[in-house]
Amino acid sequence: MKKAKGPADEFTRAYMEYYPLLLSSLLSRISNPEEARDLCQEVFIIFLEKFHTIANKRAWLFGTLRNVLYQHYARKKPDVDIDEVFNDEGLAFTNGARDARIMIAEAIEQVECSEEDRVLLDLIAIHDYSYGNVAEILGLSRRQVEYRYGQLAKSILDYLKSKGIKGLADLL
Amino acid sequence: MSDDIKQLRTLIDTYRLSRPVSAELQQYVIDSRMPDLRRILKKSGTYTLIAWLSIMIFSLLRKYGLHVTMIQSKIIAGLAAAAVASGSAAAVYGGARYVIKVTGRPASQVEETVTEPETDIQNKIEKTPAQPDVQERTEEKQTIPVHKEKAAPSGKKHHSTDKVGPDKKKKDAEEDTVSDIPTL
């Protein structure tokens, strides 16, 4: 196996930020926590090997996660449709608000923030993490997390308003 | 909680954008982060003790809200390792020196430690000379002469007591008042 000498420090920093996000994403899709951990390790081993060639870490990690999860389902549960596992938008058809759902997801994705703030937003907004746990993961104080999340929520709502949604009650 | 946060939460919940993780699983994720990093580094062959020490310092400082880079944590780890190495080297040197001092001590020094009790005994002897005096005094008391010799009359030749007759001795004893024999 080829050793990654140079980027070990950067890898560690990226790992500390993205590991909770990836494992939470896996835990919401796989019921067995040990299996989820093994798959998460598999993703990060590949991530370390190809670290110096990766430009967008977040996109790469979630893309690889999808592939690893696909292989896992192909081995263990061949009858499961992997697209259904990942296609969250598919759920929108059930409540008949597909466009609004895509728009909100886009607003969350498009908000301009640092990688750390992106992790913070995903952990709290998507995975329902407590402020205290996010503070522990990111090495921040609880108040800092709460303040930053408030700022991010405001940015998302401002983005939606800029897209023509003047009253959020229309969406709700 | 601000209104913005409440509105965003309502939107996410309404459109099922969330994939909630339970509180137990959140703690499970936090607890498994460091052991998994160790496994990944070991599997990829980049695991070293110093690297792990710097990672531990990095995560520990972050846990307490101190933002440091990996380079800074490596410097701290290096300084800590140097301090531990110098401290242990000093301890080993001091210990070795003490052992050499104890084991390499000449035999005469051991004899010196043995002679110490003798000096104590000598001191004791010097300090207790009073008892023989008491004994001498008692001996002196015992040697008090029973008979007091009379002074020889002038002009007469001194005769030894052995040659005096028994009548004379009896007479002298009656006359002599100093005697140890108690009289009835």
Side-chain angles (χ1 to χ4, degrees), chain A residues 1-5 8-13 15-16 19-20 23-25 27-29 33 37 40-41 44-45 47-49 88 91-92 94-95 97 100-101 104-105 108 123 125-130 133 135-141 144 146 149-154 156-157 160 168 171-172, chain B residues 1-48 51-52 54-56 58-74:
Chain A
M1 190 178 286
K2 190 184 173 183
K3 284 186 180 181
K5 289 177 185 173
D9 296 348
E10 277 189 49
F11 166 79
T12 305
R13 195 186 60 77
Y15 171 89
M16 300 294 269
Y19 175 86
L23 187 55
S24 300
S25 185
L27 285 169
S28 64
R29 291 175 171 91
R37 269 179 80 174
C40 196
Q41 283 180 39
F44 275 103
I45 286 168
F47 182 60
L48 179 56
E49 284 172 10
D88 297 336
L91 292 167
T94 59
N95 57 18
R101 196 168 187 275
I104 295 163
I108 292 170
L123 286 174
I126 308 299
H127 298 296
D128 208 14
Y129 269 63
S130 66
N133 283 342
E136 193 177 339
I137 288 165
L138 297 176
L140 300 168
S141 68
Q144 281 176 318
E146 196 170 352
Y149 183 60
Q151 294 296 309
L152 290 165
K154 189 175 180 301
I156 291 164
L157 296 177
L160 288 171
L168 287 171
L171 289 172
L172 299 169
Chain B
M1 192 185 284
S2 70
D3 289 341
D4 291 338
I5 292 173
K6 279 181 185 174
Q7 282 183 342
L8 182 65
R9 172 54 55 195
T10 313
L11 279 174
I12 288 167
D13 290 343
T14 306
Y15 291 99
R16 294 190 193 181
L17 287 164
S18 64
R19 284 186 168 273
V21 175
S22 66
E24 291 81 20
L25 284 176
Q26 286 179 26
Q27 196 57 49
Y28 178 78
V29 170
I30 292 167
D31 292 342
S32 59
R33 184 167 61 162
M34 292 305 285
D36 281 6
L37 176 61
R38 194 177 216 167
R39 280 191 207 127
I40 290 162
L41 291 175
K42 276 184 179 176
K43 279 180 186 174
S44 61
T46 54
Y47 178 81
T48 57
W52 185 249
S54 63
I55 288 166
M56 290 299 288
F58 176 75
S59 63
L60 191 74
L61 292 176
R62 279 175 77 94
K63 192 177 178 180
Y64 290 104
L66 294 169
H67 261 270
V68 290
T69 62
M70 278 300 292
I71 299 294
Q72 286 171 331
S73 63
K74 272 192 172 179

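Within every chain, numbering begins at 1; the chains are lettered A, B, ... in the order of the sequence lines, protein sequences first and strands thereafter.
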Considering only heavy atoms, which portion of [X] lies under 4.5 Å from any heavy atom of chain B: side chain, backbone, both, or neither?
X	result
A:Ile156	side chain
A:Ser141	neither
A:Leu123	neither

field: Portion of B:Ser54 that has a non-hydrogen atom of chain A nearer than 4.5 angstrom
entry: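 Neither; nothing under 4.5 Å.
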Contact class of B:Leu37 relative to chain A, heavy atoms under 4.5 angstrom: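 It is both, since atoms from each part get that close.
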- request: With a 4.5 Å cut-off on heavy-atom pairs, point out which of B:Ile40, B:Asp36, B:Val29 contacts chain A the most.
  value: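 Option with the top pair count is B:Asp36.
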message: I'd like to know which of B:Leu61, B:Leu41, B:Ile30, B:Ile12 tops the heavy-atom pair count under 4.5 Å against chain A.
response: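 Of the candidates given, the most pairs with chain A belong to B:Ile30.
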- request: Go through the structure and list residues passing side chain to side chain contact (heavy atoms under 4.5 Å, CB included) with A:Gln151, not counting sequence neighbours.
  value: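 Residues passing side chain to side chain contact (heavy atoms under 4.5 Å, CB included) with A:Gln151: A:Tyr147.
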Which residues share a side chain to side chain contact (heavy atoms under 4.5 Å, CB included) with A:Asp128, sequence neighbours left out: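 If we apply the side chain to side chain contact (heavy atoms under 4.5 Å, CB included) test to A:Asp128, skipping adjacent residues, the hits are B:Arg9, B:Pro20.
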message: I need the residue from A:Pro33, A:Ala135, A:Ser130 with the largest number of non-hydrogen atom pairs under 4.5 Å to chain B.
response: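 That would be A:Pro33.
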query: For the candidates A:Leu152, A:Leu138, A:Leu140, which exhibits the highest count of non-hydrogen atom pairs separated by less than 4.5 Å from chain B?
result: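 Heavy-atom pair counts peak at A:Leu138.
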Looking at every heavy atom in both [X] and [Y], which two are closest together, and how far apart are they?
X	Y	value
A:Glu136	B:Arg33	O-NH2, 3.9 Å
A:Arg37	B:Pro35	NH2-CB, 4.2 Å
A:Leu157	B:Leu11	CD2-CD1, 4.0 Å
A:Ala125	B:Ser18	O-CB, 3.9 Å
A:Tyr15	B:Ser32	OH-O, 4.4 Å

Can you tell me how far apart [atom1] ([X]) and [atom2] ([Y]) are? Round to the nearest 0.5 Å.
X	Y	atom1	atom2	result
A:Leu27	B:Glu24	CG	CD	12.0 Å
A:Lys154	B:Asp3	NZ	CG	12.0 Å
B:Met34	A:Met16	CE	CE	4.5 Å
A:Ser24	B:Gln26	OG	CD	7.5 Å
A:Glu49	B:Thr46	CD	OG1	10.0 Å

